Amino acid sequence: MAVPALPEWDGDVAAARALQVTLAQQVSLQDELPAPLRYLAGFDVGFEDEGATTRAAAVVLDADTLQPLESQVARIPTRMPYIPGLLSFRELPALLAALDRLERQPDLVFVDGHGIAHPRGLGIAAHFGVATGLPSIGVAKKVLAGQHEPPGPTPGDRSPLRYRGRVIGTVLRSKARCLPLIVSPGHKVSMETAVAQVLRCLRGYRLPEPTRLADRLASRRDTK
DNA sequence: GCGACAG
DNA sequence: ATCTTGTCGC
């Protein structure tokens, strides 16, 4: 039987970039978090079938104990290739599918990737926030845009990430002798709150619990 | 024109 | 991201 043609990406890089500029204007860097934070969530993506399938993982944790309460995995056919700067167009659909499967709606979301620390201010965490209206924070392992001085060696030490004269992120040492993380606001969160929340979620590992747990679910070669 | 470039 | 075992260092 014929395989139904999958809706694919039109390859219009310029149009995608233009859309990012528009969406970036909708990003809010003002704190708009719910009164008592109850549920935190971590999101990450992995691939199967040599990249043909995109697998997104979502984990909801108790905001106070950081204990995982629920987790979901969503799989969808991969639509477009990885293009630096356009990551969200490739991975966001899967992340939204995983979000739909959650029973509890998170109060604050942590996404593996950048928030506003992006050439056009719309990394995947920011795009996720604007698309869902949920407060979000980006936690990346490498710099995409901007420059910075190396942060001190002690956990908690930080250094501003600057791009075109603006501070777009915070290079944070989350664990001794480990490469620092790049933290940036996604949506409805300030730079200060983004860093404070990541610090509050550290439990001895380089990655904060929400992202660490989602990471584990998204890239396990044996998730069935 | 040359290099950089999240996951 | 992904292909992959052992190995160096704290």
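Remember, it's a predicted structure, so these values are computed and weren't measured experimentally. Protein chains get the first letters and strands the later ones, always in sequence-line order, with residue 1 at the start of each.
Counting to the nearest Å, the C1' atom of dA1(C) and the CG atom of D112(A) are 10 Å from each other. One atom, NE2 of H148(A), and another, C1' of dA4(B), lie 13 Å apart when rounded to the nearest Å. The CZ atom of F110(A) sits 22 Å away from the P atom of dA6(B) (whole-angstrom rounding). For M80(A) and dA1(C), the CE to P distance is 17 Å, given to the nearest whole Å. In this structure, D49(A) atom CG and dT2(C) atom P are separated by 12 Å, rounded to whole Å. When the P atom of dA6(B) is taken as reference, atom CG of L161(A) falls 13 Å away, rounded to whole Å. Counting to the nearest Å, the P atom of dC10(C) and the NZ atom of K175(A) are 14 Å from each other. Taking atom CD on Q147(A) and atom P on dA4(B), their separation rounds to 12 Å, with Å as the unit.
Counting non-hydrogen atoms under 4.0 angstrom, L86(A) reaches a base of the nucleic acid. Counting non-hydrogen atoms under 4.0 angstrom, G46(A) reaches the backbone sugars and phosphates but no base. Residue contacts shown for I83(A) are absent, as no nucleic acid heavy atom lies under 4.0 Å away. Among the heavy atoms of the strands lying under 4.0 Å from G85(A) is at least one base atom, whether or not backbone atoms are also near.
You'll find that the side chain of F47(A) is closest to dT2(C), out of dA6(B), dT2(C), dC10(C). Of the listed nucleotides (dG7(B), dC10(C), dT2(C)), dT2(C) has the atom at the smallest distance from the side chain of S219(A).
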Self-check item: Strand DNA chain C as a dot-bracket string - pairs counted if Watson-Crick or G-U with both distances under 3.5 Å, | where the partner lies in another strand
Solution: ..........
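The closest donor-acceptor contact from the side chain of S190(A) to the backbone of T193(A) lies under 3.5 Å.
With a 4.5 Å cut-off on side-chain heavy atoms, D44(A) and L217(A) do not count as touching. Using a 4.5 Å cut-off on side-chain heavy atoms (C-beta onward), E8(A) and M80(A) make no contact.
Between the side chains of R120(A) and Q20(A), at least one donor-acceptor pair of N or O atoms lies under 3.5 Å. If you check the side chains of D112(A) and T211(A), you find no donor sitting under 3.5 Å from an acceptor.
Tracing side-chain contacts under 4.5 Å through hydrophobic residues (I, L, V, M, F, W, Y), one reaches L102(A) starting from V45(A); they form part of the same cluster.
The side-chain tip of R212(A) points at the ring of Y205(A) from less than 6.0 angstrom away and within 45° of straight on.
dG7(B) has Y82(A) stacked on its base ring, the centres lying under 5.5 angstrom apart and the planes within 30 degrees of parallel.
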